[in-house]
Enquirer: 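To start, I am sharing the structure in question, which I have written as structure tokens.
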Amino acid sequence: MRRLMWLSLLVLVWALLPVGGATAASFTVTPQTIEVGTGFNGARIKVSGKVPEGSDVYIKVVSPDRPAGLSKQGRKGGLWMAVETVTVRGMPGMYQVLASGAVRDLPPELRAQTGIDPDYAAIRANARVTEKHEDKTVELPPERAGEFTAGLVRLYERRGLYAVRDNAVRVQGETFEAEIPIPADIPKGETQITVYAVKDGSLVGNNAQTLHVESVGLVRVMASMAQTNPVAYGLLAVGVALAAGLSISWAFRQLNRLIFKEEGVGAHH
Amino acid sequence: MPVAGMPVNGLLIAGLGGLVGIMSGLFGVGGGFLLTPLLIMVGIPPAVAAASDSNQIVAASCSGAAAHKRLGNVDMKLGLIYLVGGILGGTVGAQTVKVLRGVGNYDFAVKLIYVVVLTLIGGFMFVESLNALRGRRKDNPEARPSRFRQYLARLPFQTEFRVSGIRASVLFVVGLGFLVGWLAAMMGVGGGFITLPAMIYLLGVPTIVAVGTDLFQIVFTSMNVTFQQAITNHTVDVVLAVILFAGSTIGAQIGARLSKRLRGEQLRILLSIIVLAVMVNMLIGLLTTPADLITFTRGGGGH
């Protein structure tokens, strides 16, 4: 019992020590859950915590993989249309890196260790790009896959899903804080937020937290139903439309009768 | 939006619905052929725009259809035979959408079809209303398609449609229904711009019966298209549809009131210019080099 107490005290002291092993970074994420509802229009996640004094802080935000269907546009008969279609798998749906300085200042050996990838090179190399030939699925060789993974990165960057943000973490003594802009089409699931403290070219602390992204309310019910139970969803969509059409036209008739003392005009046609 | 899978400003969507509603109230057209392109222009994936528009049309047309039915303006026999084609066409149309989306060319196809259709509608309306403004009589509609009507009269399976007071081939009616049903799925429209001229000028159906029968078939064709799109393409966004409908209902009330105060011919020129402007926008989309050669196949997110 006594030994256990000593042990736990030791652990406590060790944990509170400002400069320790590679875990000496602690932080909180607010909010910890993002609820994507009907009016969801993106969010800002606050990350703040402590790192050993004098460290550079890097924050890596990675969402689960999500497959993406891509087309390459080409000109046929003067009109632009899709000439090639592929599926890209194995790339995270969101990938952001924030740093107190410049992300590119991170030494190469630490890039590999932390998975911080300012050129998205490792992420792209990891992706599998496949093409359908009749009923066979063929994986594209790297020299042809590169065009599509680079294109996907551009598409994601444009939506704010992929970003490398220099000078986006404020460090003051031991404390740091940062705001991560989350675009509205953030992938659902568990997003990992990892903080790395780097001092004198080596990793002096790191810690990870999970940000939960879930659909709520009407959006969740509808979105999941549309995918998992399309027959019921289709019937519901038709039913809702009929109910809306008939009830609103009835309501307008009443309203017109009341206000204008006349028969209402039909809603359409 | 749950299915569009993207953030969409609800007010903007309601506003677009309202705009199209005002036009449909002003001009007495359905407006589906304007709503889908407008939705595409604000960034809704074309397949979601078309399917949700079909859903919206169910709401927008059902009360009108019921009213016409009560007034006896629906030729049930014509409507039901037309619907045989319409249901088949809509079902095949949803499958066509699926195939085209698989190869990443639905966006291309829908824009191309819109350019053709909007050019025809807009051009016809423009010339028509310009002639009317200049005080010229338009050609007798009976005169031009007379050879076509003679050909129609020779088709097999001629039958009597008593409410409309016409004889027509079942084959032609089913074929026409099929075309309109297919376009309804591809474009997210009711297809009145084809059904009405075809019924009035080619079949000789009285205008009021044509309007009633068209609305009747639109309700069921759009219900089928909505359902087919939901089960084959998962592209129906019911939230989007309801917001559109709310906007267009209010717009239609405003439009109908406005139309009592404004002159018809100028209005029709205005509508034709709007239609042609939307067409040009679609055409530019087809002709200009895309900003990025790599795009999402399904037009929307990577889901």
Side-chain angles (χ1 to χ4, degrees), chain A residues 38-42 66-75 78-82 84-85 88 93 132 147-148 150-152 154-155 158 183-185 215 218-223 226-227 230-231 233-238 240-242 244-246 248-250 252 256 264-269, chain B residues 1-3 5-7 10 24-25 28-31 55-56 58-64 66-67 102-105 108 112 192 211 215 223 226-231 234 236-239 241-242 245-246 248-249 252-253 256-257 286-290 292-298 301-303:
Chain A
T38 320
F40 182 71
N41 207 4
R66 69 172 162 190
L70 294 182
S71 304
K72 185 179 165 186
Q73 303 290 310
R75 205 167 195 164
L79 304 177
W80 286 92
M81 59 190 294
E84 204 177 349
T85 307
V88 180
K132 264 205 174 138
E147 182 184 10
F148 289 102
L152 185 55
R154 283 197 301 275
L155 287 169
R158 226 171 286 148
D185 55 348
S215 309
L218 198 59
V219 166
R220 189 188 63 157
V221 175
M222 293 292 137
Q227 301 298 330
V231 172
Y233 180 82
L235 292 174
L236 178 85
V238 170
V240 165
L242 283 174
L246 294 174
I248 289 212
S249 105
W250 177 84
F252 264 103
N256 280 330
V265 280
H268 264 253
H269 306 278
Chain B
M1 297 290 148
V3 171
M6 54 184 295
S24 69
V29 296
N55 195 2
Q56 187 269 143
V58 174
S61 57
C62 59
S63 63
V103 297
N105 266 330
F108 167 77
L112 193 65
V211 170
L215 267 176
M223 279 167 64
T226 304
F227 183 69
Q228 295 297 332
Q229 299 278 34
I231 60 172
H234 311 289
V236 177
D237 197 318
V238 66
V239 178
V242 167
F245 172 63
S248 79
T249 306
Q253 299 289 325
R257 278 173 208 295
L286 287 173
L287 290 174
T288 49
T289 310
D292 197 329
L293 292 187
I294 306 294
T295 57
F296 285 116
T297 297
R298 310 217 148 174
H303 43 82

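Naming: A, B, ... by sequence-line order, numbering from 1 per chain.
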Enquirer: On a heavy-atom basis, which atom in A/G245 and which in B/F245 lie closest, and how many Å separate them?
Expert: CA-CZ, 3.5 Å
Enquirer: Highest number of heavy-atom pairs under 4.5 Å with chain B: which of A/G234, A/P230, A/A244?
Expert: A/P230
Enquirer: List the atom of A/A226, the atom of B/H234, and the distance in Å for their closest heavy-atom pair.
Expert: O-ND1, 2.9 Å
Enquirer: With a 4.5 angstrom heavy-atom cut-off, which part of B/T288 approaches chain A: side chain, backbone, both or neither?
Expert: backbone
Enquirer: Based on non-hydrogen pairs under 4.5 Å, which of A/G151, A/A241, A/A150 is most in contact with chain B?
Expert: A/A241
Enquirer: Within the 4.5 Å heavy-atom criterion, are A/Q73 and B/I294 side-chain neighbours or not?
Expert: no
Enquirer: Just verifying a value: how many Å separate A/S71 OG and B/N105 CG, rounded to the nearest 0.5 Å?
Expert: 7.0 Å
Enquirer: Between B/D292, B/T295, B/L286, who has the most heavy-atom pairs with chain A when the cutoff is under 4.5 Å?
Expert: B/T295
Enquirer: Is A/L246 close to chain B through its backbone or its side chain, or both, or neither, when contacts mean heavy atoms under 4.5 Å?
Expert: both
Enquirer: Closest approach of B/G104 and A/A82, non-hydrogen atoms and distance?
Expert: O-CB, 3.2 Å
Enquirer: Any side-chain heavy-atom pair from B/L287 and A/L79 closer than 4.5 angstrom?
Expert: yes
Enquirer: What are the two closest non-hydrogen atoms of B/F296 and A/A68, and how far apart are they?
Expert: CE2-CB, 4.0 Å
Enquirer: Is chain B contacted by the side chain of A/E147, its backbone, both, or neither, given a heavy-atom distance below 4.5 Å?
Expert: both
Enquirer: Sort out for me which of A/R75, A/E84, A/K132, A/R158 touches chain B most, counting heavy-atom pairs under 4.5 Å.
Expert: A/R158
Enquirer: Give, for atom OG1 of B/T249 and atom CD1 of A/I248, the distance between the pair rounded to the nearest 0.5 Å.
Expert: 5.0 Å
Enquirer: Just give me the residue among B/V242, B/V58, B/T226, B/L112 that pairs up with chain A most often, heavy atom to heavy atom, under 4.5 Å.
Expert: B/V58
Enquirer: Among A/V231, A/T85, A/L242, A/L70, which residue forms the greatest number of heavy-atom pairs with chain B at distances under 4.5 Å?
Expert: A/L70
Enquirer: Given a strict heavy-atom distance threshold of 4.5 Å, which part of A/V238 is in contact with chain B: side chain, backbone, both, or neither?
Expert: both
Enquirer: Please report the closest heavy-atom contact between B/V238 and A/Y233, naming both atoms and the distance.
Expert: N-OH, 3.1 Å
Enquirer: Quick one: does any side-chain atom of A/S249 pair with a main-chain N or O of B/S63 as donor and acceptor, under 3.5 Å?
Expert: no
Enquirer: Taking B/A241, B/A230, B/A66, B/A67 one by one, which has the highest count of heavy-atom pairs under 4.5 Å against chain A?
Expert: B/A230
Enquirer: Mind listing the closest non-hydrogen atom pair of A/W80 and B/F108 along with its distance?
Expert: O-CD1, 3.3 Å
